[in-house]
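So the structure is just underneath, and the comments pick up after that.
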Amino acid sequence: IIPKTEEEIIAYRDTGRIAAEILTTLIDHVKVGASTYEIAKLAEDLIVNKYDAIASCIGQYDFEYALCSSVNDVVCHGVPSKEEILKDGDVVNLDITVRKHGLVSDTSRMYLVGEVSTEAEKLCKVGQECLYKGIAQVKPGNTLGDIGFAIQKHATRNGYTIVREYTGHGIGKEMHEAPEVLHYGKKGKGVKLIEGMTFTIEPMVNQGSRKIEHLEDDWTVVTCDGKLSVQWEHTIVVTKTGVEILTLRDEEKEIAKAYKV
Ligand code: MF3
Ligand code: CO
Ligand code: CO
């Protein structure tokens, strides 16, 4: 795991800002009647034409879209589709990656479509808190285990479960690099964090059992029990004293402040 140089981090801020701005732009487009296909195409257009960047999900393995769209019981890697029309009460994760300056940023958030149930809204909120609890553990000398422990603890105390098969990951020149960033774990265990490391934290939090299965398309991951799953993701860099969120959105200023990150 090679830490980024100061120069790379300066470039990375720009890459991260682009991904963040696009997730914010998409808010107005995630609404009843929209297809996940048209949302993915809009995201691709923004990445390529507005920001002069590369939609690095396209062609990663054999994925064909600029983002993954994971609705309700879809845990992650949902494939955008013209047939998938968003309806009132849906909770949707949009997970986007952007390559610019030779660096990849990776971030996702939940979108609430129309009137969402209280339970679904709470799950979304706790999912975001799990991400921030993890981020708050990031500083030189702490370990990946500290991050996983904090995330798992918050999910569990709210009666939810953490998916184990998918993890956060190192990121930089490639979308997926070492190390794996588990969203569960033991305090003080695992890789020790050092200044300049860049990785994602992206907990998948399930309403019911943590058990998952794959659909025939070999991409879409769903909960076995059909209950909801949520996910929030940021790309972060370890700083001298703590953490910087490279994909922070303006709307998150308050929550970031509350968690002192
Ligand atoms: N954005 C996902 C992640 O958080 C990866 C997407 S897989 C791809 O790791 F094939 F769509 F790129
Ligand atoms: Co992602
Ligand atoms: Co990721």
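In listed order, ligands and their atoms are each counted from 1. Remember, it's a predicted structure, so these values are computed and weren't measured experimentally.
The backbone N or O of A11 sits nowhere less than 3.5 Å from a side-chain atom of D14 that would complete a donor-acceptor pair. In this structure, the side chain of R99 does not engage the main chain of E174 through any donor-acceptor pair within 3.5 Å. Side chain of D225 to backbone of K227: a donor-acceptor contact under 3.5 angstrom is found. With H183 contributing its side chain and V163 its backbone, the two residues share no donor-acceptor pair below 3.5 Å. With hydrogens and angles ignored, the 3.5 Å screen pairs a side-chain donor or acceptor of D88 with a backbone N or O of E115. Between the side chain of T200 and the main chain of H169, a donor-acceptor pair closer than 3.5 Å is present.
Looking at E202, its N, O or S atom nearest to the Co ion (ligand 3) turns out to be OE2. The atom of D106 that is an N, O or S and sits closest to the Co ion (ligand 3) is OD2. Counting just the N/O/S atoms of E233, the one with the shortest distance to the Co ion (ligand 2) is named OE1.
Taking all heavy atoms of D95, I96, T107 into account, the minimum distance to atom 1 (N) of ligand 1 is reached by D95.
Under 4.0 angstrom from ligand 1, there are no non-hydrogen atoms of T200.
Which parts of ligand 1 touch Q60 is read off a 4.0 Å heavy-atom cut-off, strictly below it: atoms 10 (F), 12 (F). Close approach to F63 involves these atoms of ligand 1, each under 4.0 Å from a residue heavy atom: 10 (F), 11 (F). Against a heavy-atom cut-off of under 4.0 Å, E233 is close to the following atoms of ligand 1: 4 (O). Close contacts of ligand 1 with M175, meaning ligand atoms under 4.0 Å from a residue heavy atom, involve 5 (C), 12 (F). When each atom of ligand 1 is checked for a heavy atom of T97 under 4.0 Å away, the hits are 1 (N).
Side-chain atoms of E84 and T36 include a donor-acceptor pair closer than 3.5 Å.
If you check which protein heavy atom lies closest to atom 3 (C) of ligand 1, you get D106 OD2, 3.2 Å. For atom 4 (O) of ligand 1, the nearest protein heavy atom (residue, atom name, distance) is E202 OE1, 2.8 Å. Of the protein's heavy atoms, H176 NE2, 2.8 Å lies nearest to atom 9 (O) of ligand 1. At the top of the distance list for atom 6 (C) of ligand 1, counting protein heavy atoms only, stands C68 SG, 3.9 Å.
Between Y61 and ligand 1, a contact under 3.5 Å exists for no N or O pair. Residue-to-ligand polar distances keep W219 apart from ligand 1: every N/O pair is separated by 3.5 Å or more.
Within a 6.0 Å radius of CD in E195, other residues, nucleotides and ligands contribute more than 12 heavy atoms.
In this structure, I245 CD1 and T239 OG1 are separated by 11.0 Å, a value rounded to the nearest 0.5 Å.
Under the 30°/60° scheme for interplanar angles, the aromatic rings of F63 and W219 are found to stand perpendicular. Taking the six-membered ring for Trp and thresholds of 30 and 60 degrees, Y132 and Y259 have ring planes inclined between 30 and 60 degrees apart.
Counting backbone and side-chain atoms alike, H169 contributes an N/O/S atom closer than 2.8 Å to the Co ion (ligand 3).
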